[in-house]
Amino acid sequence: QVHLVESGGGWVQPGGSLKLSCVISGSVPDLFFMNWYRQGPGKQRELVALISPNGKTNYSNSVKGRFTISSDNAENTLTLQMNNLKPEDTAVYYCNLKGVVSPDNDYWGQGTQVTVSS
């Protein structure tokens with residue numbers, strides 16, 4: 001079983017920054033995507049950023065240029081650096097691993113709250 005443990009959420013003023021981390025342990029699939037999702041109040045869960053098995057990154061248009069996803073193999077962590085935060089970034093953020101081959105290989109962290117307000 002894969003276990004994901006998130007940290008780094010909190011409150012920040014507009015224009016501020018936060019860094020989210022996700023510690024990964026367990027039997028990770030050989031081929032997988034590493035993802036950050038978020039779900040704002042009354043909204044659908046959306047994909048924010050990902051790292052594909054070949055190491056390429058991709059971002060939603062709403063966060064492009066402000067957020068950076070990265071992984072640290074030595075520390076077994078997935079990170080989301082969030083800069084120039086806006087109130088619309090307020091959401092619960094989730095880290096996620098998805099296996100390339102099997103749809104059963106889909107693992108989620110517990111979520112961490114990010115609140116952006118004056």
Side-chain angles (χ1 to χ4, degrees):
Q1 179 70 30
V2 174
H3 297 277
L4 309 175
V5 180
E6 297 161 294
S7 63
W11 173 85
V12 67
Q13 291 183 288
S17 298
L18 283 174
K19 185 177 182 179
L20 306 183
S21 296
C22 177
V23 178
I24 303 168
S25 63
S27 300
V28 178
D30 292 333
L31 296 174
F32 57 93
F33 290 87
M34 294 181 287
N35 313 297
W36 283 101
Y37 286 80
R38 69 184 181 188
Q39 187 167 18
K43 301 170 70 175
Q44 297 261 344
R45 185 175 297 179
E46 65 172 334
L47 179 63
V48 175
L50 65 84
I51 303 176
S52 66
N54 65 3
K56 300 297 183 180
T57 60
N58 201 11
Y59 301 89
S60 67
N61 289 332
S62 62
V63 308
K64 196 173 299 181
R66 300 188 297 119
F67 291 11
T68 302
I69 187 172
S70 62
S71 63
D72 187 329
N73 292 332
E75 300 291 335
N76 296 317
T77 56
L78 179 68
T79 299
L80 185 67
Q81 176 66 51
M82 306 184 295
N83 298 323
N84 192 24
L85 283 160
K86 304 175 180 180
E88 52 263 41
D89 295 319
T90 296
V92 178
Y93 285 72
Y94 301 88
C95 61
N96 166 255
L97 267 63
K98 282 187 174 67
V100 172
V101 176
S102 175
D104 293 331
N105 293 332
D106 190 10
Y107 307 100
W108 296 85
Q110 79 283 359
T112 185
Q113 176 70 47
V114 172
T115 302
V116 185
S117 65
S118 299

Does Leu85 reach the side chain of Gln13, with side-chain heavy atoms less than 4.5 Å apart?
no

With [X], which residues qualify under salt bridge (charged side-chain N to carboxylate O under 4.0 Å, His left out), at least two apart?
X	answer
Arg45	none
Glu88	none
Asp72	none

Do you reckon [X] sits in the same ILVMFWY cluster as [Y], going by side-chain contacts under 4.5 Å, direct or chained?
X	Y	value
Leu47	Phe33	yes
Val92	Val23	no
Ile51	Tyr93	yes
Leu4	Leu50	no

Could you give me the CA-CA distance, side-chain angles and deciding distance for Ser62 and Ser60, then say whether side chain to side chain donor-acceptor pair (under 3.5 Å) is met?
CA-CA 5 Å; Ser62 62; Ser60 67; 3.3 Å; yes

Tested for side chain to side chain contact (heavy atoms under 4.5 Å, CB included) against Leu20, the lone hit among Glu6, Met82, Arg38 is Met82

Roughly how far, to the nearest 0.5 Å, is [atom2] of [Y] from [atom1] of [X]?
X	Y	atom1	atom2	result
Leu80	Asn35	CG	CG	11.5 Å
Thr112	Tyr94	OG1	OH	10.0 Å
Leu78	Ser71	CG	OG	6.5 Å
Leu97	Ile24	CG	CD1	5.0 Å
Gln81	Phe67	CD	CZ	9.5 Å
Ile69	Thr79	CD1	OG1	9.0 Å

Any luck finding a side-chain donor-acceptor pair between Asn58 and Lys56 under 3.5 Å?
no

Quick one: disulfide (SG to SG under 2.5 Å) pairs with a partner in residues 8-109, sequence neighbours left out?
Cys22-Cys95

Taking ring pair (Phe, Tyr, Trp, His ring centres under 6.0 Å) as the cut-off, I'd like each qualifying pair that reaches into residues 99-118, sequence neighbours left out, listed once.
Tyr37-Trp108

State, to 0.1 Å, how close Ser118 and Trp11 come at their nearest heavy-atom pair, and which atoms those are.
C-CZ2, 4.5 Å

Where is the tightest heavy-atom contact between Ala49 and Tyr59, given as atom of each residue plus distance?
CB-CD2, 3.6 Å

What pairs meet the salt bridge (charged side-chain N to carboxylate O under 4.0 Å, His left out) rule with one or both residues in residues 58-67, with sequence neighbours excluded?
Arg66-Asp89

